[in-house]
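Written below as structure tokens is the structure these notes are about.
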There are 2 protein chains.
Amino acid sequence: MLNQLDRAFQALGDPTRRTLVERLAAGPASVSELAGPLPMSLPAVMLHLKVLEESGLVISEKKGRVRTCRIDPNALSLAENWINARRRMWERSLDRLDAFLDETAKDER
Amino acid sequence: MLNQLDRAFQALGDPTRRTLVERLAAGPASVSELAGPLPMSLPAVMLHLKVLEESGLVISEKKGRVRTCRIDPNALSLAENWINARRRMWERSLDRLDAFLDETAKDER
DNA sequence: AAAATACTTAAGGCATCGCTTGACAATTGG
DNA sequence: CCAATTGTCAAGCGATGCCTTAAGTATTTT
């Protein structure tokens with residue numbers, strides 16, 4: 001029972017899939033175009049695309065016999081925001097520690 | 001042969017490890033404190049911490065018999081920046097498409 | 001209609017992951 | 001010193017992940 005954030009991070013954890021995202025960030029592409037430069041079979045790339053699609057990072061639609069894939073920037077933002085929130089939280093906790101240490105130093109004077 | 005970005009994203013892909021990061025974002029904690037609320041054995045939590053540490057997201061140091069863990073916000077930024085760069089790239093490519101479509105519409109007038 | 005293109009599905013192999021239990025330090029408090 | 005606390009190491013097991021090949025299906029192209 002994995003949520004979207006799990007899936008997104010897990011998807012980005014694989015170098016092949018990050019390469020795919022990187023390629024798609026430059027613009028939409030077909031499955032063959034994506035698979036072309038990669039050192040693996042086309043079915044393998046399809047599986048990666050499936051993972052990316054289930055994570056919400058990538059959207060695809062089929063017209064005729066070619067499936068065109070594109071990035072969904074919303075899903076990217078979701079992951080980005082999660083990290084950002086935690087980083088900010090951590091920085092605030094550091095600030096509180098600094099303030100506490102300053103207080104202590106003042107008291108000791 | 002995984003690089004730091006792979007490890008970081010893979011680490012964040014696991015719900016337990018994101019819970020750990022979430023907890024640590026509020027401030028440092030010992031291994032037992034981290035394991036306490038979690039529905040698994042302490043060795044299991046240790047393994048998760050090892051993954052987080054190898055990914056660079058978490059730093060720990062041992063004093064006496066207690067190991068204190070804290071977040072390294074730099075590693076968080078690394079992942080955040082990667083996503084941000086791709087999202088921006090994608091948005092730029094959308095802008096170019098819009099511009100192109102506008103041009104085309106003008107030509108057809 | 002036959003051939004080529006572009007994917008899709010299925011079956012299977014091997015590695016890694018997440019977790020468990022059990023045994024084993026190392027440190028500290030009574 | 002003895003015992004409790006806190007963490008570490010190791011073996012192992014079932015599930016998942018990544019990839020392969022082989023055999024489809026659907027859609028153009030010739």
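Just the heavy atoms: all of them, side chains too, but no hydrogens, waters or symmetry mates, feed the values below. All chains are named by letter (A, B, ...) in the order of the sequence lines, taking the proteins before the strands, and each is independently numbered beginning at 1.
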Check: salt bridge (Lys or Arg N to Asp or Glu O under 4.0 Å): which pairs involve residues 9-21 of chain B, sequence neighbours left out?
Finding: A:Asp6-B:Arg18
Item checked: Pairs meeting criterion ring pair (Phe, Tyr, Trp, His ring centres under 6.0 Å) with involvement of residues 62-82 of chain A, two or more places apart -> A:Phe9-A:Trp82
Item checked: For atom CG of A:Asp6 and atom C1' of C:dG18, their distance in whole Å -> 14 Å
Margin query: What is the separation between atom CE on A:Met46 and atom C1' on D:dG17, rounded to the nearest whole Å?
Written below: 17 Å
Checklist line | B:Gln10 side chain near D:dG17 phosphate (N/O to OP1/OP2, under 4.0 Å) | finding: no
Item checked: Atom pair CD1 (B:Ile83) and CZ (B:Arg88), whose distance is rounded to the nearest 0.5 Å -> 13.5 Å
Note to self: Quick check on contacts: within residues 48-62 of chain B, what sits under 4.0 Å from DNA chain C by heavy-atom distance?
What the structure shows: B:His48
Notebook entry, point to check: Atom CZ of B:Arg18 to atom P of C:dG18: distance rounded to whole Å?
Noted result: 13 Å
Check: Among all residues two or more places apart in sequence or in another chain, which pass the side chain to side chain donor-acceptor pair (under 3.5 Å) test with B:Arg65?
Finding: none
Next item on the list: Just jot down the side chain to side chain contact (heavy atoms under 4.5 Å, CB included) partners of B:Leu42, sequence neighbours excluded, or say none.
Entry: B:Val31, B:Ser32, B:Ala35, B:Met46
Margin query: Show every salt bridge (Lys or Arg N to Asp or Glu O under 4.0 Å) that has at least one partner inside residues 39-52 of chain B, sequence neighbours left out.
Written below: none
Where do N or O atoms of nucleotides 2-5 of chain D meet protein N or O atoms at under 3.5 Å, pair by pair?
from, atom 1, to, atom 2, distance (Å)
D:dT5, O2, B:Arg65, NH1, 2.6

Next item on the list: Hey, could you give me each pair passing ring pair (Phe, Tyr, Trp, His ring centres under 6.0 Å) that has a residue in residues 46-79 of chain B? Not counting sequence neighbours.
Entry: none
Every protein N/O lying under 3.5 Å from an N/O of nucleotides 20-22 of chain D:
from, atom 1, to, atom 2, distance (Å)
D:dT20, OP2, A:Ser41, N, 2.8
D:dT20, OP2, A:Ser41, OG, 2.8

Item checked: Residues that A:Ser60 engages under side chain to side chain donor-acceptor pair (under 3.5 Å), provided they are two or more places apart -> A:Glu53, A:Arg67
Please list every donor-acceptor pair under 3.5 Å in which a side-chain atom of residues 20-27 of chain B meets a protein atom from a residue at least two apart or in another chain.
from, atom 1, to, atom 2, distance (Å)
B:Glu22, OE2, A:Arg86, NH2, 2.6
B:Arg23, NH1, B:Gly27, O, 3.1

Next item on the list: Could you name each residue pair satisfying salt bridge (Lys or Arg N to Asp or Glu O under 4.0 Å) that touches residues 73-82 of chain A, not counting sequence neighbours?
Entry: A:Glu80-B:Arg87
Item checked: Toward the 5' end of DNA chain D, by each residue's nearest nucleotide, A:Arg17 or B:Glu33 -> B:Glu33
Note to self: Which heavy atom of A:Ala11 sits nearest to which heavy atom of A:Leu52, and what is that distance?
What the structure shows: CB-CD2, 3.9 Å
